[in-house]
Participant: 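Could you have a look at this structure, given as structure tokens, before my questions?
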Number of protein chains: 2
Amino acid sequence: MGIRKNDILQGTLVLLILKSLATNPRLHGYAITSHVQRVSENLLRVEEGSLYPALHRMEQEGWVRADWGKTEKNRDARFYSLTAAGRKQLAHEQESWARLTEGVARVIRYA
Amino acid sequence: MGIRKNDILQGTLVLLILKSLATNPRLHGYAITSHVQRVSENLLRVEEGSLYPALHRMEQEGWVRADWGKTEKNRDARFYSLTAAGRKQLAHEQESWARLTEGVARVIRYA
DNA sequence: TATGCATAACTAGCTTAACTAACGGTTCGA
DNA sequence: TCGAACCGTTAGTTAAGCTAGTTATGCATA
């Protein structure tokens, strides 16, 4: 119930992925996980069982594009990049996120 | 997908209710709705179909206590108040919320 | 040579919160 | 007396994220 520790709130995951790809074009899934974890300084952790389904959904939606390639460790990996639609979506999600957090902040601040 | 407009993110609702009851002891459901909407300055809107089930769950969890009474408009209404467990839960949820938003903020800020 | 670890991707099945879209009843003012 | 605001309830749906696996390969090292 409520906010569970180590739970990424519904909706947040997509935002994090889009933003990661806006910052680093062409990341593979595994790299997205570590990027989010590193940049958030361990506050956030993306589970693989959440990540890959999300990436597939986002590809369906046309927000990301995928192609196979080699990592610098010489492994096969699917690299994702943002599409124009993805960039637009990122803007929307960022705005929604700002509105939500501002709303919650007001309720919390209100003495 | 992602953050839908007018969706209260999963987990946020409980936090909002707990906080509303911490600020205003003894609110009825309808009043919680209007309180959140007013205090958030219309950024947030709590749907009744979400609110009442949430209140029932929270009562089951022992976070709130309910009793029937009369409103100042002379209507029957179920008044909710925080329990000790509810206050403790509020502290947890507020901390989780802070951790999540800080994590997301770092990912977003990261250039 | 084998053995193990880190890397990389994927999925079935479950849980659960929040929503939609109703419905029922009451009080009060126009 | 009629409608609007007030107050509560619920069945059924959706969908996102999690758990707990599986598969596979490159590389280091014992």
Side-chain angles (χ1 to χ4, degrees), chain A residues 1-18 26-38 44-61 63-64 66-80 93 96 100 104, chain B residues 1-18 26-38 44-61 63-64 66-80 93 96 100 104:
Chain A
M1 282 243 40
I3 304 175
R4 284 164 304 204
K5 221 195 298 198
N6 294 326
D7 250 34
I8 289 204
L9 286 209
Q10 207 142 341
T12 319
L13 179 57
V14 170
L15 171 60
L16 292 172
I17 295 173
L18 289 172
R26 236 177 105 76
L27 285 177
H28 51 86
Y30 199 80
I32 293 177
T33 312
S34 36
H35 175 258
V36 169
Q37 197 163 350
R38 203 187 73 253
L44 268 25
R45 156 148 192 76
V46 176
E47 302 298 332
E48 296 182 14
S50 313
L51 175 72
Y52 292 107
L55 281 170
H56 298 333
R57 290 195 303 267
M58 292 166 72
E59 200 181 353
Q60 290 296 319
E61 300 278 349
W63 299 338
V64 298
D67 61 299
W68 285 94
K70 287 275 185 199
T71 68
E72 60 299 337
K73 279 172 179 147
N74 200 33
R75 286 251 174 62
D76 290 332
R78 250 171 111 70
F79 287 86
Y80 291 89
E93 303 242 350
S96 292
L100 172 74
V104 174
Chain B
M1 281 241 41
I3 304 175
R4 285 164 303 202
K5 220 193 303 195
N6 295 327
D7 249 34
I8 288 208
L9 286 208
Q10 208 140 341
T12 319
L13 180 56
V14 170
L15 171 60
L16 293 172
I17 295 173
L18 289 172
R26 236 179 106 75
L27 285 176
H28 51 85
Y30 197 82
I32 293 177
T33 312
S34 35
H35 176 256
V36 169
Q37 197 163 351
R38 203 187 71 252
L44 268 26
R45 156 148 193 75
V46 177
E47 302 297 332
E48 296 183 10
S50 312
L51 175 70
Y52 292 107
L55 282 171
H56 298 333
R57 290 194 303 268
M58 293 167 71
E59 199 180 353
Q60 289 295 319
E61 300 277 350
W63 298 338
V64 297
D67 61 298
W68 285 95
K70 287 276 185 199
T71 68
E72 58 301 334
K73 278 172 181 148
N74 199 32
R75 288 252 175 59
D76 290 332
R78 251 171 112 70
F79 287 85
Y80 291 89
E93 303 242 348
S96 293
L100 171 75
V104 174

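A, B, ... follow the sequence lines: proteins, then strands. Residue 1 opens every chain.
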Participant: Output all residues satisfying side chain to side chain donor-acceptor pair (under 3.5 Å) with Arg38(B), sequence neighbours left out; order by chain, then residue number.
Facilitator: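 Per chain and number, Arg38(B) pairs via side chain to side chain donor-acceptor pair (under 3.5 Å) with no residue.
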Participant: Using atom CG of Leu16(B) as one end and atom P of dA17(C) as the other, report the distance to the nearest whole Å.
Facilitator: 15 Å
Participant: Tell me which nucleotide among dC10(C), dT7(C), dG17(D) gets nearest to the side chain of Trp68(A).
Facilitator: dC10(C)
Participant: From CZ of Arg57(A) over to P of dC10(C), roughly how many Å is that when rounded to an integer?
Facilitator: 14 Å
Participant: Just to verify, which of Ile17(B), Ile32(B), Thr33(B) counts as forming a side chain to side chain contact (heavy atoms under 4.5 Å, CB included) with Leu27(B)?
Facilitator: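 One option only clears the test, and that one is Ile32(B).
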Participant: With sequence neighbours left out, write down each residue that passes side chain to side chain donor-acceptor pair (under 3.5 Å) with Asn74(B), or none if nothing qualifies.
Facilitator: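 Asn74(B) satisfies side chain to side chain donor-acceptor pair (under 3.5 Å) with no residue once adjacent residues are dropped.
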Participant: At 4.0 Å (heavy atoms only), tell me whether Gly49(A) reaches a base, stays on the sugar-phosphate, or touches nothing.
Facilitator: base
Participant: Write down the distance between CD (Glu61(B)) and C1' (dT16(C)), rounded to a whole number of angstrom.
Facilitator: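 Spelled out: CD on Glu61(B) to C1' on dT16(C) is 12 Å.
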Participant: Looking at dG8(D), dA8(C), dT19(D), which one has an atom nearest to any side-chain atom of Tyr52(A)?
Facilitator: dA8(C)
Participant: Would Tyr30(B) and Leu51(B) count as a side-chain contact (heavy atoms from CB on, under 4.5 Å) here? Give the steps.
Facilitator: CA-CA 9 Å; Tyr30(B) 197 82; Leu51(B) 175 70; over 6 Å; no
Participant: Rounded to whole angstrom units, what separation is found between the CG atom of Leu51(B) and the C1' atom of dG8(D)?
Facilitator: 10 Å
Participant: Does Thr71(B) make a side-chain N or O approach to OP1 or OP2 of dC7(D) shorter than 4.0 Å?
Facilitator: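 It does, given that an N or O in the side chain of Thr71(B) lies less than 4.0 Å from OP1 or OP2 of dC7(D).
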Participant: By ring pair (Phe, Tyr, Trp, His ring centres under 6.0 Å), which residues pair with Phe79(A), not counting sequence neighbours?
Facilitator: His28(A)
Participant: Walk along nucleotides 23-30 of chain C from 5' to 3' and tag each nucleotide B, S or - by protein heavy-atom contact under 4.0 Å, base first, then sugar-phosphate.
Facilitator: ---BBS--
Participant: Given atom OH of Tyr30(A) and atom P of dT23(D), what is their separation to the nearest angstrom?
Facilitator: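 Rounded to the whole Å, the gap is 19 Å.
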Participant: Within less than 4.0 Å of OP1 or OP2 of dA16(D), is there a side-chain N or O belonging to Ser50(A)?
Facilitator: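 The answer is no; no side-chain N or O of Ser50(A) sits under 4.0 Å from OP1 or OP2.
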Participant: Have a look at Thr12(B) and say if it touches a base, only the backbone sugar-phosphate, or nothing, with a 4.0 Å heavy-atom cut-off.
Facilitator: sugar-phosphate
Participant: Provide, to the nearest angstrom, the distance between the NE2 atom belonging to His56(A) and the P atom belonging to dA15(D).
Facilitator: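 Whole-Å distance recorded here is 18 Å.
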Participant: Give the rounded distance in Å between these two atoms: CE of Met58(B) and P of dA17(C).
Facilitator: 11 Å
Participant: Sequence neighbours excluded, which residues qualify as side chain to side chain contact (heavy atoms under 4.5 Å, CB included) partners of Lys73(B)?
Facilitator: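 In terms of side chain to side chain contact (heavy atoms under 4.5 Å, CB included), with neighbours along the sequence ignored, Lys73(B) is linked to Thr71(B).
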Participant: In whole angstrom, give the distance that lies between atom CG of Leu55(B) and atom P of dA17(C).
Facilitator: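 Result: 13 Å.
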Participant: His28(B) has a side chain; which of dA9(C), dG8(D), dA18(C) sits nearest to it?
Facilitator: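 The closest nucleotide is dG8(D).
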Participant: Going by side chain to side chain donor-acceptor pair (under 3.5 Å), name the residues that satisfy it together with Gln37(B), two or more places apart in sequence or in a different chain.
Facilitator: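 Residues passing side chain to side chain donor-acceptor pair (under 3.5 Å) with Gln37(B): Asn42(B), Arg45(B).
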Participant: Of the candidate nucleotides dC7(D), dT11(C), dA18(C), which contains the atom at the shortest distance from the side chain of Leu13(B)?
Facilitator: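 In terms of side-chain proximity for Leu13(B), the closest of dC7(D), dT11(C), dA18(C) is dA18(C).
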